[in-house]
A.B. asks: 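Attaching a single structure in structure tokens format; questions to follow.
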Amino acid sequence: MTQTHAVSQDPYVPEAIEAKWQARWAERHANEPDLDAPVRPFYNLMMFPYPSAEGLHVGNMFAFTGSDVFGRFKRLQGFDVFEPIGFDAFGIHSENYAIKVGIHPGELIPRNIENFRRQLRRIGGMFDWRQELATTDPRYYKWTQWLFLQLYQAGKAYQKMGSVNWCPECKTVLANEQVIAGFCERHGDTKVEQRTLEQWYFKITDYAERLLANLDDAGVMDWSSTTTTAQRNWIGRSEGADVDFPVEGHDPIRVFTTRPDTIFGATFMVLAPEHPLVATLTSDDQRDAVDQYLERVATEDLVSRRVGDREKTGVFTGGYAVNPATGKPIPVWLADYVLMEYGTGAIMAVPAHDERDLEFAETYGLDVVSVIDDKGRLKASGPFDGRPAVEALPDIIRWLEDKGSGTGTVLYRLYDWCISRQRYWGPPIPIIYCEDCGTVPVPEEDLPVLLPPLDDFRPDDSGVSPLARNEEWYLVPCPECGKPARRETDVSDTFLDSAWYYLRYPSAEFDDRPFDAGRTRTWCPVATYIGGNEHAVLHLLYSRFIAMVLHDLGFIDFEEPFVKFRAHGLIVKDGAKMSKSRGNIVIPDQFIETWGADTFRLYLMFLGPFQEGGDFRDEGISGPRRFLDRVWNLVTRVVSAPTPSDATPRSVLVKWHQTTHQVTHDLEGLKYNTAIAALMELLNTLREHDVADRSIVEDLILMLAPFCPHFAEECWERLGHDSSVFEASWPGWDERLLVEDEIEVVIQVNGKTRSRVAVPRDATEDAVFAAALADPTTLRFIDGKAVRKRIYVPGRLVNLVLG
RNA sequence: GCGAGCGUGGCGAAACUGGCAGACGCGCAGGACUUAGGAUCCUGUCCCGCAAGGGGUGCGGGUUCGAAUCCCGCCGUUCGCACCA
């Protein structure tokens, strides 16, 4: 862009000044706070990117810029801001990308990281590059493995066989959340299958109650409510009761129900096909039917069973259980709408008051007994008849407890975190299996367990990790007895890498500890964390869980890692989601080249509310650029021919102070788009009144600095300062200058705006009404009628209600 | 199906605890300066109307002196969760 935007002989040329200031920041170590002895530490964290594509896209830029604006604002407010950056470079996304382009991730990922670094420097983020980290660095993942060992030793990591989701295309196990309605999240037309594998799990369910309770504690967690809501739903707390239904000659069947108040209406029971009692309950004459049904279910995958709108199928076991409330025998059925992983894998079916049970009962002709009338009162419920069901619920639980038939319980939907991945690109799980000693953790002094270079890193459909094909790597002596043993060949989930990275940043240079106690105390928990809401449950919940474990083990003195979390919005393009298939991806580099990083930043922050996102329209960027050109010209004018401060009209002073007030509050609330609009208004006012008042323009530059750091530095220097604009302090305002001497009050007649009058700022209510009633336009609308009621909103509005 | 959010000009969007709807910007129209302008500057820009005035925040009701904002019922849209007992 070499066109002249301004009449000035010295036009604003972004590329020159951006390069100049980036070099100068690096020289001056401008973005490197004293990590050991900061005066006012402020840990400003943004979710680190995964370098799974060749470069950062506009969505990343939007998120990083929004976080950086906040960090720079805090810096100007006098905080020692620590704003680290790193790369979440392990994991399925990176690996799949490597497979796609046919380059080994060990080669490809560092190359991508280098490009990410270049882009991040170019955008002018306030990053402390000393503390950069990559989860793929053995210096990092040594401690990820250490973390696994801490959980293992604390009894929070265990192995179990489990039905897992298997994507034939990814050739790996998927987390439930990577399965979208039965299909792989990455391969929309690939059906996920069910496989059974031995896997490592973390006992996050032990922490369900604490994870939930802290969400309600605003003193501990100041988070976007959309995020806390998502976590609450994910944890899924249900209050109810475990109830035993006796079976003659067998163990009783235990069910979980949230509706013990409807127990008198339980007319049959349903077990999950995998339920352990199925075999013993089945009668001889039903054996064939049951076996057939089990066979049929087995050919279906776990995931499509979860899809809700299918017709219900099932089979009678031939067995009966006794309803402990009515004492009557009820048939026990088998159906795949009951899931083994939730509750006890068995339910009492109350078809009169549960839609799913009703559908099943109707299909198979089972009894339906209503126990609640249309007024919500119990009936056919023995001693509880006539009582409102909601109210009787706790008494029914107590009644069941007294009979020894059940107990009130709380159940969570949350399940344990499966961290095993049958993949190559991750930290090997630090476990060794010995025939004599069993499962042996790798001794801490042997960490890291290096991920070996492996030419053939692709997963195959055998279900075992690529590392299992590398005998010389996995055959090792047992650390305990020295006999030949075998390493665990699965790697851990990427979410484990990212669950603790914020702890590593302040301590990234230490190789003898994962995080330094002093540094952690100084900087953690994180003051402000900004990231995408797509991580609302997974990353953010896992990070919270890991922090709780570390807290309980005495490693850290807080249990919530992120004091304040805000989810940013998403950028769309011309009303549609950006995607490669649509071909509407915006490459940031081109825009930065054409318009400059500062203009790009300013535009991104201007195009919509940060927490909601916005629509990226190519032409829109010219507005912010025009604005910067005008500010530039104004600065030039202040340097050459300023207007004297005492000549500045009061109305302009008021606008100045109002702007400072508004921008400060808007930045605090991440309302960047309105903050920028306010700065534009201030500039418009200065231009209208032809004012080039040095004090005002300097404040304008200061307030622009978080958005356009290079531009602001350059202007600041031209204004004669020899230190960085970020060494200056954020402007304040004078409350007395927030209001004009004379204000305009709106006059409504019968609620409709009819006129407006100018009154002194401190006019009394009576004086305002007097002015209103003296206004000719107003009188015309009153038209001689009586004023029945007068409403007065101080300083704003008068409403005259006619009789 | 359940949960959360969002529906405002040609477009992106503003509007504090209910109090001037459309700030700011894009685009568009007209003008100025210009050999020229896709640069810059000025003016205008929700709709109908010459005006006075009237209408207007997805649709239909309600509360209120007053509703984009609160309540109820629809419709549309986005994002989660999805047979969770």
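Letters go in sequence order (proteins before strands), and every chain restarts at 1.
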A.B. asks: Reckon D357(A) touches a base, only the sugar-phosphate, or nothing at all at heavy-atom distances under 4.0 Å?
C.D. replies: nothing
A.B. asks: Could you tell me if K312(A) sits above the aromatic ring of Y337(A), with its cationic atom closer than 6.0 Å to the ring centre and no more than 45 degrees from the axis?
C.D. replies: yes
A.B. asks: Report the distance from atom CD1 of I621(A) to atom P of rG38(B), rounded to the nearest whole Å.
C.D. replies: 21 Å
A.B. asks: Within the 4.0 Å heavy-atom criterion, would you say V746(A) contacts the bases, only the backbone, or no part of the nucleic acid?
C.D. replies: base
A.B. asks: rC24(B) and rC42(B): how far apart are their P atoms, nearest whole angstrom?
C.D. replies: 13 Å
A.B. asks: Counting only side-chain nitrogens and oxygens, does S238(A) get under 4.0 Å of the OP1 or OP2 atom of rA85(B)?
C.D. replies: yes
A.B. asks: Side-chain donor-acceptor pair under 3.5 Å between D244(A) and S405(A), yes or no?
C.D. replies: no
A.B. asks: So, T313(A) versus Y293(A): side-chain donor-acceptor pair below 3.5 Å or not?
C.D. replies: yes
A.B. asks: State whether a side-chain donor-acceptor pair under 3.5 Å links D699(A) with T660(A).
C.D. replies: no
A.B. asks: Hey, does the side chain of S622(A) come within less than 4.0 Å of rA39(B)'s phosphate (OP1/OP2), counting only N and O?
C.D. replies: no
A.B. asks: What is the separation between atom CZ on F606(A) and atom P on rA14(B), rounded to the nearest whole Å?
C.D. replies: 10 Å
A.B. asks: For a quick test of reading the model: is some side-chain N or O of K752(A) closer than 4.0 Å to OP1 or OP2 of rG55(B)?
C.D. replies: yes
A.B. asks: Under 4.5 Å between any side-chain heavy atoms of M269(A) and I330(A), yes or no?
C.D. replies: yes
A.B. asks: Pair up each side-chain donor or acceptor in residues 787-803 of chain A with any protein partner under 3.5 Å, not counting sequence neighbours, and list the distances.
C.D. replies:
| residue | atom | partner | partner atom | Å |
| --- | --- | --- | --- | --- |
| Y792(A) | OH | G795(A) | N | 3.4 |
| N799(A) | OD1 | G751(A) | N | 3.0 |

A.B. asks: Using whole Å, what does the distance between atom P of nucleotide rA85(B) and atom CD of E341(A) come to?
C.D. replies: 14 Å
A.B. asks: What's the closest nucleotide to the side chain of R796(A) if the choices are rG19(B), rA85(B), rA21(B)?
C.D. replies: rG19(B)
A.B. asks: Kindly point out which of rA82(B), rC24(B), rG53(B) is positioned nearest to the side chain of R754(A)?
C.D. replies: rG53(B)
A.B. asks: Between rG31(B) and rC20(B), how far apart are the P atoms? Round to whole Å, please.
C.D. replies: 37 Å
A.B. asks: With heavy atoms under 4.0 Å as the rule, sort R780(A) into base, sugar-phosphate or nothing.
C.D. replies: sugar-phosphate
A.B. asks: Among rC26(B), rC24(B), rA15(B), which nucleotide sits nearest the side chain of T674(A)?
C.D. replies: rA15(B)
A.B. asks: How close or far is atom P of rC81(B) from atom CD1 of I235(A), stated in whole angstroms?
C.D. replies: 14 Å
A.B. asks: Hey, does the side chain of R413(A) come within less than 4.0 Å of rA82(B)'s phosphate (OP1/OP2), counting only N and O?
C.D. replies: yes
A.B. asks: For the side chain of I791(A), counting heavy atoms from C-beta on, which of rA4(B), rC65(B), rG25(B) is nearest?
C.D. replies: rC65(B)
A.B. asks: Should rG9(B) be called syn or anti, with syn set as within 90° of 0?
C.D. replies: syn
A.B. asks: Reckon Q748(A) touches a base, only the sugar-phosphate, or nothing at all at heavy-atom distances under 4.0 Å?
C.D. replies: base
A.B. asks: Atom CD of E612(A) to atom P of rA13(B): distance rounded to whole Å?
C.D. replies: 9 Å
A.B. asks: Can you check the distance between rC71(B) and rU63(B), where both ends of the measurement are the C1' atom (answer in whole Å)?
C.D. replies: 7 Å
A.B. asks: NA contact type, R630(A), heavy-atom cut-off 4.0 Å: base, sugar-phosphate, or nothing?
C.D. replies: sugar-phosphate
A.B. asks: Could you give the distance separating rG76(B) and rU8(B) at their C1' atoms, to the nearest angstrom?
C.D. replies: 15 Å
A.B. asks: Tell me: CD of Q662(A) to P of rC24(B), nearest whole Å?
C.D. replies: 12 Å
A.B. asks: Just wondering, do W234(A) and Y412(A) contact through their side chains at under 4.5 Å, heavy atoms?
C.D. replies: no
A.B. asks: Less than 4.0 angstrom between a side-chain N/O of R687(A) and OP1 or OP2 of rC42(B), yes or no?
C.D. replies: yes
A.B. asks: Using the P atom on both, measure rU45(B) against rA36(B) and round to a whole Å.
C.D. replies: 29 Å
A.B. asks: Nearest to the side chain of K789(A) - rC65(B), rG53(B), rC24(B)?
C.D. replies: rC65(B)
A.B. asks: Just to be sure I understand: a Watson-Crick pair is purine N1 to pyrimidine N3 plus N6-O4 or O6-N4, both under 3.5 Å. Using that and G-U wobbles, which stems of three or more pairs involve RNA chain B?
C.D. replies: B:1-7 with B:75-81, B:10-12 with B:24-26, B:27-32 with B:40-45, B:46-48 with B:53-55, B:58-62 with B:70-74
A.B. asks: Once you apply a heavy-atom cut-off of 4.0 Å, does T344(A) come out as touching a base, just sugar-phosphate, or nothing?
C.D. replies: nothing
A.B. asks: Have D775(A) and S755(A) got a donor and an acceptor in their side chains that come within less than 3.5 Å?
C.D. replies: yes
A.B. asks: Report the C-alpha distance between H665(A) and W733(A) in whole Å, list the side-chain angles of each, state the deciding distance to 0.1 Å, and finish with yes or no for ring-ring contact (aromatic ring centres under 6.0 Å, His included).
C.D. replies: CA-CA 12 Å; H665(A) 285 101; W733(A) 62 88; 5.7 Å; yes
A.B. asks: With a non-hydrogen cut-off below 4.0 angstrom, is N533(A) in contact with a base, only sugar-phosphate, or nothing?
C.D. replies: nothing
A.B. asks: E359(A) has an atom CD; how far is it from atom C1' of rG1(B), in whole Å?
C.D. replies: 12 Å
A.B. asks: With heavy atoms under 4.0 Å as the rule, sort L607(A) into base, sugar-phosphate or nothing.
C.D. replies: sugar-phosphate
A.B. asks: Using a cut-off of 4.0 Å on non-hydrogen atoms, how would the nucleic acid contact of R626(A) be classed: base, sugar-phosphate, or nothing?
C.D. replies: sugar-phosphate
A.B. asks: Kindly point out which of rC24(B), rA4(B), rC20(B) is positioned nearest to the side chain of R756(A)?
C.D. replies: rC20(B)
A.B. asks: Quick one: which of rA82(B), rA85(B), rA13(B) gets closest to the side chain of P609(A)?
C.D. replies: rA13(B)
A.B. asks: Please confirm whether the ring centroid of F616(A) lies under 6.0 Å from the ring centroid of F591(A).
C.D. replies: yes
A.B. asks: Which comes earlier along RNA chain B counting from the 5' end, the contact point of E681(A) or that of G613(A), where each point is its nearest nucleotide?
C.D. replies: G613(A)
A.B. asks: In this structure, how many angstroms lie between the C1' atom of rG25(B) and the CG atom of L679(A), rounded?
C.D. replies: 13 Å
A.B. asks: Indicate, with a heavy-atom threshold strictly under 4.0 Å, whether N233(A) touches base, sugar-phosphate, or nothing.
C.D. replies: sugar-phosphate
A.B. asks: Scan Y792(A) against the nucleic acid and name what it touches under 4.0 Å (heavy atoms): base, sugar-phosphate only, or nothing.
C.D. replies: nothing
A.B. asks: Can you check the distance between rG19(B) and rG66(B), where both ends of the measurement are the P atom (answer in whole Å)?
C.D. replies: 15 Å
A.B. asks: When the P atoms of rC28(B) and rA39(B) are considered, how many whole Å apart are they?
C.D. replies: 10 Å
A.B. asks: Of all the nucleotides listed (rC24(B), rA14(B), rC81(B)), which has the minimum atom distance to the side chain of N673(A)?
C.D. replies: rA14(B)
A.B. asks: Suppose you measure atom P in rA67(B) against the same atom in rG55(B); what distance do you get, rounded to whole Å?
C.D. replies: 13 Å
A.B. asks: Given 3.5 Å as the limit, does a donor-acceptor pair link the side chain of D357(A) with the main chain of V350(A), or not?
C.D. replies: yes
A.B. asks: Would you mind telling me which residue lines up with the more 5' stretch of RNA chain B, G345(A) or L797(A), judged by nearest nucleotide?
C.D. replies: L797(A)
